[in-house]
There are 2 protein chains.
Amino acid sequence: MKVDRRPYRRESEDSRREALISATQSLVAEGGPRAATVRAIADRAGVTPGLIRHYFGSKDELSRAAYRQLMDGMTDKGSEALAELGAAAPARLAVFVAAALRPPVVDGAAVGLWAGYLHMVRADPGLQAAHEAGYLRYRDTLEGLIRDLARPDITPAQTRAEAIACNAVIDGLWLEGGVLPHLFTSGELVRIGLTSVGAILGVNLLNEQSFVPELSLASLG
Amino acid sequence: MKVDRRPYRRESEDSRREALISATQSLVAEGGPRAATVRAIADRAGVTPGLIRHYFGSKDELSRAAYRQLMDGMTDKGSEALAELGAAAPARLAVFVAAALRPPVVDGAAVGLWAGYLHMVRADPGLQAAHEAGYLRYRDTLEGLIRDLARPDITPAQTRAEAIACNAVIDGLWLEGGVLPHLFTSGELVRIGLTSVGAILGVNLLNEQSFVPELSLASLG
DNA sequence: GGCCTTGTTATACACCTGCATAATCTGCCA
DNA sequence: TGGCAGATTATGCAGGTGTATAACAAGGCC
């Protein structure tokens, strides 16, 4: 009594790694990290479990790769939204903030993955350095946008403190929006984010909505 | 060949529940949720695994209880600091915010524990309900303190949005302070928190420092 | 064509997981 | 002083986990 054997299919290394990482992320997104077993991952990637060990030394290493890809994607989202427009400083800041507070950045799966690896980040110095670099890269971008506002009589130290505060607001909103999406109406996170960042900096960012196509009035709750 | 039997020791129900919850929390904080197996929990609590089922119906229920206690404990820290003084509304708000932004609330282990659970929150509806309840309890307390400021011409909807924003600032600062403590000088988190919450609400909270003994100038960086 | 490297699959294994249940101990009350 | 109830321990079980290893397939190279 023979069970049918999976047809042998040879594919590129990039394609296989991508499929495995993608399968890991989607499984964690749906059923939490406990659902992301080697067998489930391999099954979804259309592959047998052995390949995980072949491409990544172990399941943990695959998980780490998935985490790294998640972080890279999130930090890039804001910059991408920025690159397209050369508008005035307040509008650029508004775009950057808004990008972090709506899908695909605000996402339960992203929060879940991020939180799941937080303790590993605390334990592993290498990952901690990477995490810190990512955090500072984001905050520095924010600080640059704040500096570009060219408000008079603002010291560098104050700009730094403001960047920390704005970053915290964004982080907090991103977090709760991802974990408890049903508590916030559509567009509410963006509106609250722009309002409070504006309040912290003493500028009005809500009027900058018109500069952002995706942030039309219709998309606000 | 008989293995030695654990000595029978009878203890109060409260003591046993407390020991099991405490063991669960420390294990999750150290090694993430995966480390908190029934056997490891029972071992650390000085008990056999069967007791978990005896006092809590299942391991999941124990996890939920441990998470609930964590969330409640964080809110309680603020309320405790509040209970002692019957000062004016701005001072009370300042005390509440400051309590969340310094040890023992700001703590790497606490963040690790919280993150470990957040991982599970997404998968388990029961834990999600616990998280939502804890989050709302804290935010409602904050909203009450904001309302007590009795500023003129503030709608309930605006108060709600402000509470969400202030909660986000506190969450973000608490998080980053716990994960990357070396990036912030002592007292910086408290100062930034009071400044930005004040900016969001249009009040000055920094002057309220004098009302808080532990928040003397000496403790600020 | 024969061979060898390597991607891929299948199987085996040792361990661990949570849960159920039986066995045992102890304090309390009649 | 017995004995019962309930707290606590020990054992068993069915299933799942990650990983190691063997078997197989296919393409490149001489």
Side-chain angles (χ1 to χ4, degrees), chain A residues 1-24 27-28 30-67 116-117 120, chain B residues 1-24 27-28 30-67 116-117 119-120 123-127:
Chain A
M1 176 165 175
K2 260 193 180 174
V3 74
D4 32 20
R5 185 186 182 86
R6 174 185 296 275
Y8 188 97
R9 239 183 96 72
R10 211 184 181 94
E11 297 224 356
S12 76
E13 170 167 347
D14 284 354
S15 153
R16 282 275 128 103
R17 297 182 84 95
E18 209 283 325
L20 285 170
I21 287 178
S22 170
T24 304
L27 277 168
V28 171
E30 292 167 16
R34 299 188 67 148
T37 70
V38 283
R39 287 167 178 81
I41 293 170
D43 193 47
R44 178 158 303 193
V47 138
T48 48
L51 268 202
I52 289 177
R53 178 173 155 75
H54 186 258
Y55 280 114
F56 307 86
S58 68
K59 187 207 168 186
D60 281 350
E61 198 170 326
L62 166 58
S63 300
R64 251 174 261 138
Y67 171 70
Y117 285 97
M120 194 180 289
Chain B
M1 174 163 176
K2 261 193 178 173
V3 75
D4 33 20
R5 185 186 182 88
R6 173 187 296 276
Y8 188 97
R9 236 183 98 72
R10 210 185 182 95
E11 298 225 357
S12 76
E13 171 167 347
D14 284 354
S15 152
R16 282 275 129 99
R17 296 182 85 97
E18 209 284 325
L20 285 170
I21 287 179
S22 170
T24 304
L27 279 167
V28 172
E30 290 168 17
R34 300 185 61 156
T37 70
V38 283
R39 287 167 178 80
I41 293 170
D43 193 47
R44 179 160 302 196
V47 139
T48 47
L51 269 201
I52 289 177
R53 178 174 155 72
H54 186 259
Y55 280 113
F56 307 87
S58 68
K59 185 208 169 184
D60 282 350
E61 199 171 325
L62 167 58
S63 299
R64 259 173 248 137
Y67 186 65
Y117 275 120
H119 213 159
M120 290 190 281
D124 180 353
L127 268 183

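Scope of the values below: all heavy atoms of this structure, side chains included, with no hydrogens, waters or symmetry mates. Proteins come first, then strands; the chains are lettered A, B, ... in the order of their sequence lines, and each starts at number 1.
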Over all strands shown, is B/T37 touching base, sugar-phosphate only, or nothing at heavy-atom distances under 4.0 angstrom? sugar-phosphate

Within this structure, what is the CZ-to-P distance between A/R16 and C/dT6, rounded to whole angstrom? 18 Å

5'-most contact on DNA chain D (nearest-nucleotide basis), B/R34 vs B/P7, goes to B/P7

If you assign each of B/G50 and B/R9 to its closest nucleotide in DNA chain C, which residue comes earlier from the 5' end? B/G50

Ion pair check, A/K59 and A/E61, cut-off under 4.0 Å: no

Does any non-hydrogen side-chain atom of B/R39 lie less than 4.5 Å from one of B/D43? no

Min side-chain heavy-atom separation B/T24-B/Y67 under 4.5 Å: no

Looking for any heavy atom pair under 4.0 Å, which part of the strands does A/E13 touch: base, sugar-phosphate only, or nothing? nothing

In whole angstrom, what separates B/D60's CG from C/dC19's P? 6 Å

Spacing between B/R17 atom CZ and D/dA7 atom P, to the nearest angstrom: 12 Å

Separation of B/Y8 atom OH from C/dC28 atom P, in whole Å? 11 Å

Rounded to whole Å, how long is the line connecting atom CD1 of A/I52 with atom P of D/dT21? 18 Å

Taking 4.0 Å as the cut-off, does a side-chain nitrogen or oxygen of A/Y55 come that near to OP1 or OP2 on C/dG7? no

Quick one: pull up CG in B/L27 and OG in B/S22 and give me the separation to the nearest 0.5 Å. 9.5 Å

Write down the distance between CG (A/L20) and P (D/dG18), rounded to a whole number of angstrom. 14 Å

Round to a whole Å and report the spacing from CZ of A/F56 to P of D/dT19. 13 Å

Over how many whole Å does the gap from A/R39 atom CZ to D/dT17 atom C1' extend? 6 Å

Salt bridge B/E11-B/R17, side-chain N to carboxylate O under 4.0 Å: no

Short side-chain N/O contact from B/R10 to OP1 or OP2 of D/dA7, under 4.0 Å: no

Tell me which nucleotide among C/dG18, C/dT9, C/dA20 gets nearest to the side chain of A/T48. C/dT9

